[in-house]
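Inspection log for the structure reproduced underneath, given as structure tokens.
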Protein chains: 2
Amino acid sequence: MADFRGRPAYLQIADDIRSQILDGTLQAEDRLPSEADLMADYGVSRIVVRNAVEVLRSEGLVVKQQGRGSFVRAQRPQRTRVVGDLYSERPEASPFAASARASGQVPEWEYQTRRTTASKTIADRLGIQAGDPVMRTSYRFFADGEPAMLSTSFEPLAITEGTPVEQPEGGPVTGVVPRMDAIGIHITHVVEDVTGRSARPYEAETLKVPVGVPILAIERTYFAKSRPVETADIVVSSDRYVLSYRLPVPPRND
Amino acid sequence: MADFRGRPAYLQIADDIRSQILDGTLQAEDRLPSEADLMADYGVSRIVVRNAVEVLRSEGLVVKQQGRGSFVRAQRPQRTRVVGDLYSERPEASPFAASARASGQVPEWEYQTRRTTASKTIADRLGIQAGDPVMRTSYRFFADGEPAMLSTSFEPLAITEGTPVEQPEGGPVTGVVPRMDAIGIHITHVVEDVTGRSARPYEAETLKVPVGVPILAIERTYFAKSRPVETADIVVSSDRYVLSYRLPVPPRND
DNA sequence: TCGTCCTACTTGTTATAACGTGTTGAGTGC
DNA sequence: GCACTCAACACGTTATAACAAGTAGGACGA
């Protein structure tokens with residue numbers, strides 16, 4: 001391995017392979033040369049080729065599978081969670097189901113719901129006191145049988161307790177907007193705070209993605225005027241999802 | 001090192017340190033025990049402790065500095081890039097400057113602009129042909145002197161060529177919406193496609209973040225009715241930024 | 001006093017070696 | 001023809017060893 005500028009060998013090898021991926025010499029799903037091959041090709045030890053491939057893995061360009069090899073990862077996410085249109089054009093029962101159907105997939109989900117009390121974080125987001133009763137619902141969404149999205153939502157029981165829509169699922173109406181409408185609360189807007197971070201072990205396991213891959217974490221809160229009526233933590237694999245926000249720009253009035 | 005269920009030692013050590021970080025035993029900015037200390041503490045070889053710390057690094061919980069040590073990373077992003085309000089309430093010159101001022105920071109930016117031709121990707125996003133001339137502008141935004149956001153924008157020269165707003169910066173008007181207004185093109189909406197991925201080497205270097213930390217990549221396109229008039233690739237560190245989208249939910253009409 | 005140098009300590013890089021675990025396909029026996 | 005076995009091969013884990021390179025603080029000389 002020629003040593004340019006003292007740059008470590010494993011970075012040079014990573015550069016080399018990366019450029020082959022980016023210029024198309026190595027295509028999506030192609031198998032990289034095995035570690036033994038790379039050792040021979042570049043004349044380095046196994047630890048160097050492992051470091052090189054690890055760099056590409058942490059960049060999300062490559063996935064490794066024990067026993068099979070390392071593969072160029074399909075680059076672009078296949079699914080889109082469209083947000084703007086969902087809310088503004090037809091508030092359907094479930095944003096997830098709507099976006100899944102829009103891309104021709106079969107949506108499924110499972111959920112667990114229970115009464116609990118609000119943590120400080122959740123209380124702050126809902127504008128209530130820590131310890132106030134809330135309805136907590138954990139969802140796990142599947143698209144075409146594959147786990148796709150996790151969501152945990154919280155509603156103040158002060159709003160829904162004793163109404164027909166106390167249960168988020170299984171009642172006569174589903175979906176936050178229609179359910180709240182049914183009890184005379186009209187949702188005016190929704191705020192989504194989006195961050196990116198690495199998948200935590202529980203999330204990686206539940207979403208069936210490799211540990212450490214970047215995920216998108218969304219804090220979504222529905223408001224009726226200035227009053228929060230539901231908040232949720234949503235996690236999607238950024239491998240598989242693009243969040244697409246469509247925002248209106250009103251005409252200027254000057 | 002007790003060996004539970006055959007789970008690899010480095011994962012157990014990572015679990016151990018992770019729980020110390022999450023429960024506050026190790027606080028933000030605290031130095032982890034050195035590799036030599038961890039080797040002695042757990043009775044394992046250096047490669048094991050390095051693997052363990054690498055796991056935490058890839059999860060974004062720890063940063064390493066050669067010669068100094070490994071440190072618990074400050075967790076929560078401090079800055080918010082507010083999106084919905086910017087477009088819907090007052091289309092200001094620069095979304096970046098507006099959001100920076102909103103959080104009490106001093107916005108600065110540098111840019112390079114030049115004529116070029118559209119790649120296939122950009123052409124698709126702008127609804128033009130690959131090879132058509134475009135104006136390309138690369139921005140690097142700073143907040144309080146620290147690099148905060150990268151952006152590369154493309155405008156079809158078919159729209160702006162020969163007009164006073166051909167140059168995105170330095171002309172009589174700045175900002176996409178006002179500039180397009182000035183030549184009679186009224187932007188109706190903007191689409192932001194958000195993905196998360198690991199920082200690429202160039203981005204890590206330019207944003208001064210450790211390699212491999214998750215970043216948010218935004219493809220933003222401005223539309224005048226159905227016609228795209230500008231598109232940009234925006235990269236922000238998810239360490240430092242939350243994207244906050246505020247979306248209206250119209251009243252039901254059924 | 002101040003700057004330089006040196007040393008101790010830290011993580012970074014690389015080599016060699018061995019064994020574990022998961023995958024795959026060829027070969028074998030029924 | 002089919003199922004099972006097994007060997008070859010892939011990556012996963014761990015040990016030992018050595019030197020490189022960056023940092024910080026103390027010793028030392030001007």
Side-chain angles (χ1 to χ4, degrees), chain A residues 1-17 26 29-58 61-73 201 204-205 208-213, chain B residues 1-17 26 29-58 61-73 201 204-205 208-213:
Chain A
M1 183 81 206
D3 188 357
F4 293 95
R5 299 165 300 164
R7 191 167 160 77
Y10 76 97
L11 289 179
Q12 297 179 46
I13 296 174
D15 290 347
D16 196 18
I17 300 174
L26 285 167
E29 310 302 324
D30 281 359
R31 218 199 76 190
L32 265 58
S34 73
E35 293 177 354
D37 292 342
L38 291 171
M39 287 168 69
D41 291 350
Y42 292 100
V44 295
S45 69
R46 191 171 166 213
I47 199 166
V48 171
V49 305
R50 282 187 64 83
N51 283 349
V53 176
E54 171 59 26
V55 167
L56 301 173
R57 196 200 60 75
S58 84
L61 292 170
V62 158
V63 292
K64 298 208 268 187
Q65 291 179 40
Q66 185 175 1
R68 301 221 310 134
S70 300
F71 300 84
V72 178
R73 213 179 93 210
E205 188 185 355
K208 292 202 198 311
V209 298
V211 294
V213 307
Chain B
M1 183 80 207
D3 188 355
F4 292 97
R5 299 165 301 163
R7 191 170 160 74
Y10 76 96
L11 290 178
Q12 297 180 46
I13 296 174
D15 291 346
D16 196 19
I17 301 174
L26 285 167
E29 309 301 325
D30 280 359
R31 216 199 79 191
L32 265 58
S34 73
E35 292 177 357
D37 292 342
L38 291 171
M39 287 169 67
D41 291 349
Y42 293 98
V44 293
S45 70
R46 191 175 168 212
I47 198 166
V48 171
V49 305
R50 282 186 64 82
N51 283 349
V53 177
E54 171 58 26
V55 167
L56 301 172
R57 196 200 61 76
S58 82
L61 291 171
V62 157
V63 292
K64 300 208 268 187
Q65 291 181 40
Q66 186 175 359
R68 301 223 308 134
S70 300
F71 300 85
V72 178
R73 214 176 98 215
E205 186 185 356
K208 293 203 198 313
V209 297
V211 293
V213 308

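Lettering of chains follows the sequences in order, A, B, ..., and the numbering in each one begins at 1. Fair warning: this is a prediction, and the values are worked out from it, not measured in the lab.
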Establish, with yes or no, whether the OP1 or OP2 oxygen of dC11(D) is under 4.0 angstrom from a side-chain nitrogen or oxygen of Ser70(A).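 Answer is yes, contact under 4.0 Å.
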Verify the contact: side-chain N or O of Lys64(A) to OP1 or OP2 of dA10(D), cut-off strictly under 4.0 Å; return yes or no.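 Lys64(A) to dA10(D) OP1/OP2: no side-chain N or O under 4.0 Å.
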Check: Gln12(B) side chain, Arg7(B) main-chain N or O, donor-acceptor pair, under 3.5 Å: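 Such a contact is found between Gln12(B) side chain and Arg7(B) backbone.
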Euclidean distance, atom [atom1] of residue [X] to atom [atom2] of [N] [Å, nearest integer]:
{"X": "Asn51(A)", "N": "dA15(C)", "atom1": "CG", "atom2": "C1'", "result": "12 Å"}
{"X": "Leu38(B)", "N": "dT14(D)", "atom1": "CG", "atom2": "P", "result": "14 Å"}
{"X": "Met39(A)", "N": "dT13(C)", "atom1": "CE", "atom2": "C1'", "result": "15 Å"}
{"X": "Ile47(B)", "N": "dT16(D)", "atom1": "CD1", "atom2": "P", "result": "11 Å"}
{"X": "Gln66(A)", "N": "dC9(D)", "atom1": "CD", "atom2": "C1'", "result": "12 Å"}
{"X": "Tyr42(A)", "N": "dT13(C)", "atom1": "OH", "atom2": "P", "result": "18 Å"}
{"X": "Glu35(A)", "N": "dC9(D)", "atom1": "CD", "atom2": "C1'", "result": "11 Å"}
{"X": "Leu11(A)", "N": "dA21(D)", "atom1": "CG", "atom2": "P", "result": "14 Å"}

Candidate nucleotides [options], ranked by approach to the side chain of [X] - the nearest:
{"X": "Ala9(A)", "options": "dT14(C), dG12(C), dT23(C)", "value": "dT14(C)"}
{"X": "Ser34(A)", "options": "dA10(D), dT13(D), dT11(C)", "value": "dA10(D)"}
{"X": "Val44(B)", "options": "dA15(D), dG12(C), dT14(C)", "value": "dA15(D)"}
{"X": "Ser45(B)", "options": "dA15(D), dT23(D), dG12(C)", "value": "dA15(D)"}
{"X": "Arg68(B)", "options": "dT13(D), dT14(C), dT23(D)", "value": "dT23(D)"}

Find the distance between [atom1] ([X]) and [atom2] ([Y]) and round it off to the nearest 0.5 Å.
{"X": "Leu32(B)", "Y": "Leu38(B)", "atom1": "CG", "atom2": "CG", "result": "6.5 Å"}
{"X": "Ser45(B)", "Y": "Met39(B)", "atom1": "OG", "atom2": "CE", "result": "6.5 Å"}
{"X": "Glu54(B)", "Y": "Lys64(B)", "atom1": "CD", "atom2": "NZ", "result": "5.5 Å"}

Does any donor-acceptor pair link the side chain of Arg46(A) with the base of dT14(D) at a separation under 3.5 Å?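 By the distance-only test, no, there is no pair.
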Map Gly67(B) and Tyr10(A) onto DNA chain C by nearest heavy atom, then report which one ends up closer to the 5' terminus.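 Nearest-nucleotide comparison on DNA chain C picks Gly67(B).
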Does the side-chain contact (heavy atoms from CB on, under 4.5 Å) test come out yes or no for Asn51(B) and Val55(B), once each step is laid out? CA-CA 6 Å; Asn51(B) 283 349; Val55(B) 167; 5.7 Å; no
